[in-house]
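Here the structure is laid out as structure tokens; the discussion comes afterwards.
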Amino acid sequence: MRKVRRLPRSALPADTVQLARYLIGKTLVHDTEEGRTSGRIVETEAYVVGDAAGHAYRGQTQRNRALFLRRGHAYVYFIYGVSYLLNVSSEQAGIGAGVLLRALEPLEGVDLMRKRRGIERLEDLARGPGRLTVAMGVGIHDDGLDLCGDGALWLGTEARPTGEVGVSIRIGITREAHRPLRFFETGSRFVSGPGRLNRVLPLNPEPKNATQRRKDAKENKSRR
DNA sequence: TATGCGATATTCT
DNA sequence: GAATATCGCATAG
């Protein structure tokens, strides 16, 4: 394994889509009192400027203010009453956009991740954005932190060469769901989502996502 | 492998 | 009151 060094902000592309692509293969590290956990980033999604699916779409609020920090800051928020999700802010100060970190391949602190997650299987420790934050010990207290500073949560260089990067539509959203803004390392066992999205292109006809399916089911029921 | 469903907080309408 | 950048468990094929 290569020596992992902190990524300076100047290394991050100053564009949301490019950053999402760039982060594949890089390392996320968290040092806590319990110990260090780290992992290779194998799946991301871009939430670009003017994106109706992005939290910054309706302007800055108390909740999403970290998305408006200059690139390289953590935006953490709570969703579905169950999960915390971690994003990296991606544009210049005052412009709201970010990259959602969706899955990691565990590197260091695997036992600590197992303890935090309460499961054993390596592939499931950080596959999915909500699982990732649990495994890494990331929570709302990390919202707004600078991932390019000298803090405990940071982005690092790649621990080993990155494989081929694939693209697909994003997962779990309804608005602008067709856009090819999800990036992943092809062939990785640590990537979330249905297998058909994890091959290199083709951008297949848009499958219905979970929310839409639920809506349809409900409508069918009330129709009877 | 896919589909269905409940849990549950915060924001927006 | 509805929607949501999810997860874990159940069930079916």
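Letters go in sequence order (proteins before strands), and every chain restarts at 1.
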*Minimum-distance nucleotide (side-chain atoms of A/Arg131 versus B/dA9, B/dC12, C/dC7)*: C/dC7
*Between A/Ser168 and A/Arg182, a side-chain donor and acceptor under 3.5 Å*: yes
*Sort out the partner of C/dG8 for me: Watson-Crick or G-U wobble, both distances under 3.5 Å, none otherwise.*
B/dC5
*When you get a sec, tell me which of C/dT6, C/dA5, B/dA9 is the closest nucleotide to the side chain of A/Val82?*
C/dT6
*Would you mind reading off the distance between A/Ile171 atom CD1 and C/dA5 atom P, rounded to a whole angstrom?*
13 Å
*Identify which nucleotide among B/dT13, C/dC7, C/dA5 has an atom closest to any side-chain atom of A/Tyr77, counting heavy atoms from C-beta outward.*
C/dA5
*Output yes when at least one side-chain N/O atom of A/Arg182 is less than 4.0 Å from OP1 or OP2 of C/dA5, else no.*
no
*Does C/dA5 have OP1 or OP2 sitting under 4.0 Å from an N or O in the side chain of A/His55?*
yes
_Assess the residue pair A/Glu108 and A/Thr37 against the criterion (side-chain contact (heavy atoms from CB on, under 4.5 Å)); give the C-alpha distance rounded to whole Å, side-chain angles, the decisive distance to 0.1 Å, and a yes or no._
CA-CA 5 Å; A/Glu108 299 170 283; A/Thr37 45; over 6 Å; no
*Identify whether any heavy atom of A/Arg102 sits under 4.0 Å from a base atom; if not, whether one sits that close to sugar-phosphate; answer base, sugar-phosphate or nothing.*
sugar-phosphate
_Euclidean distance, atom CD1 of residue A/Ile79 to atom P of C/dC7 [Å, nearest integer]_ = 10 Å
*For the side chain of A/Arg58, starting at C-beta, report the closest nucleotide among C/dA5, C/dT6, B/dT13.*
B/dT13
*Distance check: side-chain N/O of A/Arg63 vs OP1/OP2 of B/dC12, anything under 4.0 Å?*
no
*Would one find a side-chain N or O of A/Arg117 under 4.0 angstrom from OP1 or OP2 of C/dG8?*
yes
*OP1 or OP2 of C/dT4 under 4.0 Å from side-chain N/O of A/Thr174*: yes
*To the nearest 0.5 Å, what is the distance between CZ (A/Arg71) and OG1 (A/Thr16)?*
10.5 Å
*Have A/Ser188 and A/Glu105 got a donor and an acceptor in their side chains that come within less than 3.5 Å?*
no
